[in-house]
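Letters go in sequence order (proteins before strands), and every chain restarts at 1.
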Number of protein chains: 2
Amino acid sequence: MQNFEKLLSKFKLLLKENGLNFTTQRELVLKTLFNYLGHFTPEDLHMLIKKNNPDSNVGVTTIYRTLNLLESNHIVTSISFGIQGKKYELGNKPHHDHLICNQCGKIVEFEDPTIEELQEKIAKMHDFKLTEHIMQLYGVCKDCQDK
Amino acid sequence: MQNFEKLLSKFKLLLKENGLNFTTQRELVLKTLFNYLGHFTPEDLHMLIKKNNPDSNVGVTTIYRTLNLLESNHIVTSISFGIQGKKYELGNKPHHDHLICNQCGKIVEFEDPTIEELQEKIAKMHDFKLTEHIMQLYGVCKDCQDK
DNA sequence: CTGTGTGCAAACATTTTGCAAGCAG
DNA sequence: CTGCTTGCAAAATGTTTGCACACAG
């Protein structure tokens, strides 16, 4: 999912299938997530949208509702980042986990197939059928260590 | 840290060192955490304490304040369990992670040194100095699969 | 037109804070 | 006594809901 048009079509299709309408607000949320690839709280998104679209008038409520809608359709993913709160990211990347800097809040993504395998093994040992997992490494990034 | 007396002494010492007082409420919180080893939200604890000590009168506020105090002294640890919210557990066990059942909410603890090593390796690759990490595997436990 | 979507305000749930009164040392 | 602690009520957050109006199809 490299370009916005594709993503938008997918979203429109999903809406249609569920008898929902395509609206400016919903498009704005999706577009903002796409343009500022990253991790946002609903409030972050709200402010970003307002800043970039001063003429539009999108309420926080709509952000929450749209994010829930997008999440249940697996277009975005939500993750809880401790003190930073619950954040959303566009779910168009392969599965990955996060490294978080305690000082500046920077979030770095990484993948590690070996860990994924180990997780499966552990789940099996305890007779769990795994559905998802969260792995977050907290620490201090290079930049902050140098300060 | 296998018995309550030891834990209590440690706590009292800590209080003294910081010029804080030892009070019934603080003891109750610690005792409850010790007696019901598990994972509790502040509200869980509040209710447990009230139920087991009908004569005492401990406010939610105190629970929060005491948990923060215990956490900053590394006597308890807090973990965010997604929809289940933030929970606290006594920090007297070696480091471990959690398997959580999406259906019944059961929480199973496990350890895996290999994963710990891999996490260190990943942190190093990204020039992070690791301070802590969170790993939670969500799935369906044996009991719930059988239903 | 009809039904879905929206913003607003109010309701909620959870956690924090200000304060006067209550205990520990 | 002195000052740390407490419970209460109020405030602060973050999120959800009810409702009348607005808009998409």
Between [N] atom [atom2] and [X] atom [atom1], what is the distance in whole Å?
{"X": "B:Lys12", "N": "C:dG25", "atom1": "NZ", "atom2": "C1'", "answer": "13 Å"}
{"X": "B:Ile63", "N": "D:dT5", "atom1": "CD1", "atom2": "P", "answer": "16 Å"}
{"X": "B:Glu27", "N": "D:dT6", "atom1": "CD", "atom2": "C1'", "answer": "16 Å"}
{"X": "B:Asn18", "N": "D:dG3", "atom1": "CG", "atom2": "P", "answer": "18 Å"}

Applying salt bridge (charged side-chain N to carboxylate O under 4.0 Å, His left out), name anything that partners B:Asp143, two or more places apart in sequence or on another chain.
B:Lys106

Residues two or more places apart in sequence or in another chain: which of them pass salt bridge (charged side-chain N to carboxylate O under 4.0 Å, His left out) with A:Glu109?
A:Lys93

Between protein and nucleotides 2-6 of chain C, what N or O pairs are separated by less than 3.5 Å?
from, atom 1, to, atom 2, distance (Å)
C:dG5, OP1, A:Asn21, N, 3.3
C:dG5, OP1, A:Arg26, NH1, 2.6
C:dG5, OP1, A:Arg26, NH2, 3.0
C:dT6, OP1, A:Thr23, OG1, 2.8
C:dT6, O3', A:Gln25, NE2, 2.9

Please list, for nucleotides 10-16 of chain C, all pairs of protein and nucleotide N/O atoms separated by less than 3.5 Å.
from, atom 1, to, atom 2, distance (Å)
C:dT15, OP2, B:Tyr64, OH, 2.2
C:dT15, O5', B:Tyr64, OH, 3.1

I'd like to check the side chain to side chain contact (heavy atoms under 4.5 Å, CB included) partners of [X]; sequence neighbours left out, ordered by chain and number.
{"X": "A:Lys12", "result": "A:Leu8, A:Phe22"}
{"X": "A:Asn57", "result": "none"}
{"X": "B:Lys16", "result": "none"}

Starting from A:Tyr64 and following side-chain heavy-atom contacts under 4.5 Å between hydrophobic residues (I, L, V, M, F, W, Y), which residues can be reached?
A:Val60

Can you run down the salt bridge (charged side-chain N to carboxylate O under 4.0 Å, His left out) pairs that involve residues 59-80 of chain A, sequence neighbours left out, and say none if there aren't any?
none

Using every non-hydrogen atom in the two residues, find where B:Lys129 and A:Gln145 come nearest and quote the distance to one decimal.
N-NE2, 3.2 Å

